[in-house]
There are 2 protein chains.
Amino acid sequence: MATLRDVARKAGVSISTVSHVFNGYDDIPAETRKRVWDAARELDYHPNASARSLVSRRSNLLGLVVPGRAGMRHPFLYAVICGVAEAIAGTRFGLTLSVAEDDQRSLREQVNRWKEQRLEGLIAMGFAEDHPVAQAILESGIPAMLVDTILESPRVSWVKSNDTEGAAQAVRHLLSLGHRRIAYIHGLGGQICQERLDGYRLALSEAGIPFDPQLVEVADFTKSGGYRAMNRILSRANPTAVFAASDLMAFGAMECLRDRGLRLPEDMAIVGFDDIDAASHVTPALTTVRQFGDRMGKEAAETLVAFLEGRIEKPHPSLVGTELVIRRSCGYSAKPYSMMA
Amino acid sequence: MATLRDVARKAGVSISTVSHVFNGYDDIPAETRKRVWDAARELDYHPNASARSLVSRRSNLLGLVVPGRAGMRHPFLYAVICGVAEAIAGTRFGLTLSVAEDDQRSLREQVNRWKEQRLEGLIAMGFAEDHPVAQAILESGIPAMLVDTILESPRVSWVKSNDTEGAAQAVRHLLSLGHRRIAYIHGLGGQICQERLDGYRLALSEAGIPFDPQLVEVADFTKSGGYRAMNRILSRANPTAVFAASDLMAFGAMECLRDRGLRLPEDMAIVGFDDIDAASHVTPALTTVRQFGDRMGKEAAETLVAFLEGRIEKPHPSLVGTELVIRRSCGYSAKPYSMMA
DNA sequence: AAATGGTACTACAACGTTATAGGAGTGGCA
DNA sequence: TGCCACTCCTATAACGTTGTAGTACCATTT
């Protein structure tokens, strides 16, 4: 692989001159500049990133940290990746990928790698606040942005969806369709769950409907958890609609309703949260609150880069908006199938 | 950040000695060794990867190349990533991520980055054989393994599922349930599609059933394409079962069948291909041929690493087995819901 | 006593860049 | 003629490692 020395020799100038040409110094006349560029092209010269970072003392590398096999698969991983990639295109930064397994040993190895590679920043997703990986990020001292993990330090901040508003959108939709007894399948987890519950209560109170704990059940974000929660609600209350804090739990609830012989959406309206792929494939297609993984990734990366480039004092939290996607699970007001995505 | 020099000073030895300790030379007595390690720990020393690769002339970096927003989302991306990560854990290699957008300009930028970073190998997924990214990989001269893209050169090879056998498994299952008129929704694409068709024909001929072109329709791997293909088949033939070359097309076919008032699975059995997440969420849950993204990623990375470490002469192609996942879409022979994944 | 061999280190030259400082040559001007 | 400024270029010292070739010292062996 060609080096600066080879290019210099070929162009008949010194190494310094070649370096100056590539780095845009303005003390080189056009004629020399062209000779150097031509030589570089002919030799297929590409500056050695290692040599460059050695002397410039920056790796130009950001790390993307995602959970491994054992962890929960983050439904927006791909979207977040695309958002991050979009945000760093055109900056000096490249991306490295860390798949963090849960055990202490391989976590230590990962952290060592981050430090050896002198990563300038991290973007992590899919870890709970108290997960060892989240803690390791804090301890590492590396600036970071977390997606869906609320953790702050002088060099760490987060991005997440506006869960309260998203949940309120969902419930307002059901209210607008005339529903008054709206059940809620709550998810067990961190702050995010609390916010979705807040949104549910907010929308109800806006409509002057008192909060009824009989209509609320908690589940564990799984499909079968949703199934069981729905069962418990139906055993003591008679809602006309259900809002589930995740699409997966909504699917479980749908299964439960069908098993009890109810027709969807005629006998029960249902709304989910997330808009995972499957939401548009189930029958009836699920009305749900869409989260924008790409925007979260983009926002995370932009904030991190702004911090690393010194354009902001410290990284700051962001909320990304959600969008209610209306499909058929609340009734046939939506577009006919052939038109639907 | 501490350097070898700092550690040397603290331990009261020379830089060379410290380097020898860390690199496992055996001419250092235990006592000195300990002094050096202690100093390193106290200073939180991490060897500088850039300096190391500069002198050793290897980056220790593999690149993972995935399609961006514009490209088709590869359903197994996450699984492949996990497989790759598993395979390279414990090797000297780290991973960088390239999200390749389609336009020529950003593709050139990506290739430049690969060369500047001196990536030792690439793993790419989700690009057709004639996609510019696939061509760029070939031209780059960087050793590579492609997932689901059949392309070979002295330093490039591929991994994919055993599509023929997978398709045959699906059709044999339908045959074993007594079906004789089995429709096939063919996908339009590269070699992979041809192989699935081969598997369909193979299973039929094993059973002594003649191939009937009336039962086959081609679609474009989308849901709506599957819907239309199903429609065309039903307009001229009366199958009792359908096999679709992808789950997405199977969903379209299911929608079509329902729109025509057929009951599933009573009036029509259906099998898909891929086992995407949604397959277990639709109703009836889809029986399908599971592909193992993690195994493909692992195989790709292992082959690439073996080549780079000189353990094999050149990278070789691999076929990864598939598994028929039996759910309810071919009848209720399967486990009851509460037991299902 | 001199040669041999082993142990425990160290010196030094790379690796491919960048940045700083400086030098040669030319032209203008007092 | 001497001085200065300007243009175009180059020398050199880092950056943090690794690997090779040594050296100093001591204990054996001949």
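Just so we're on the same page: letters track the sequence lines, and every chain starts at 1.
The separation between A/Phe22 atom CZ and C/dT18 atom P is 9 Å, rounded to whole Å. Between B/Arg58 atom CZ and C/dA14 atom C1' the separation is 17 Å, expressed in whole Å. Atom CG in B/Asp26 sits about 10 Å away from atom P in C/dA8, given to the nearest Å. In this structure, the CD atom of B/Glu31 is 12 Å from the C1' atom of C/dA8, given to the nearest Å. A straight line from CG of B/Leu54 to C1' of C/dA13 spans 13 Å, rounded to a whole angstrom. Note: CG (B/Asn60) to C1' (D/dT17) measures 13 Å, nearest angstrom. Rounded to a whole Å, the CG atom of A/Asn48 is 18 Å from the P atom of C/dA14. Put simply, CG on B/Leu4 is 13 Å from C1' on C/dT10, counting in whole angstrom units.
Remark: the B/His131 side chain and the B/Asp102 side chain contain an N/O donor-acceptor pair separated by less than 3.5 Å.
At a threshold of 4.0 angstrom between heavy atoms, the contacts of B/Tyr45 are confined to the sugar-phosphate backbone, with no base atom among them.
One finds a salt bridge joining A/Glu109 and A/Arg105 here, because a Lys/Arg side-chain nitrogen approaches an Asp/Glu carboxylate oxygen to under 4.0 Å.
OP1 or OP2 of C/dA19 has at least one side-chain nitrogen or oxygen of A/Tyr25 nearer than 4.0 Å. Taking side-chain N and O atoms only, A/Ser19 has a distance below 4.0 Å to OP1 or OP2 of C/dT18. For the pair B/Arg5 and D/dT17, the criterion of a side-chain N or O lying under 4.0 Å from OP1 or OP2 is not met. Residue B/Asn23 places at least one side-chain N or O closer than 4.0 Å to OP1 or OP2 of D/dT18. Taking only side-chain nitrogens and oxygens, B/Arg52 comes nearer than 4.0 Å to OP1 or OP2 of D/dT18.
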Practice prompt. List the steps, then state whether side-chain hydrogen bond (donor to acceptor under 3.5 Å, both in side chains) holds for B/Trp114 with B/Ser140.
Written response: CA-CA 9 Å; B/Trp114 300 345; B/Ser140 76; over 6 Å; no
Worksheet item: So A/Phe76 and A/Phe292, ring pair (Phe, Tyr, Trp, His ring centres under 6.0 Å) or not? Walk me through it.
Response: CA-CA 8 Å; A/Phe76 310 124; A/Phe292 294 94; 9.4 Å; no
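Panel note: side chain B/Thr303, backbone B/Glu299; a donor-acceptor pair is recorded below 3.5 Å. Within the 3.5 Å criterion, the main-chain N or O of A/Glu129 finds a donor-acceptor partner in the side chain of A/Gln135.
Heavy atoms of other residues, nucleotides or ligands lying less than 6.0 angstrom from CZ of B/Arg311 number more than 12.
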Report, one pair per line, the protein and nucleotides 9-14 of chain D atoms (nitrogen or oxygen only) whose separation is under 3.5 Å.
from   : atom 1 : to      : atom 2 : distance (Å)
D/dC9  : OP1    : A/Thr32 : OG1    : 3.3
D/dC9  : OP2    : A/Thr32 : OG1    : 2.7
D/dC9  : N4     : A/Asp27 : OD2    : 2.9
D/dT10 : OP2    : A/Ser14 : N      : 2.7
D/dT10 : OP2    : A/Ser14 : OG     : 2.9
D/dT10 : OP2    : A/Thr17 : OG1    : 2.7
D/dA11 : N7     : A/Ser16 : OG     : 3.0
D/dA11 : N6     : A/Ser16 : OG     : 3.0

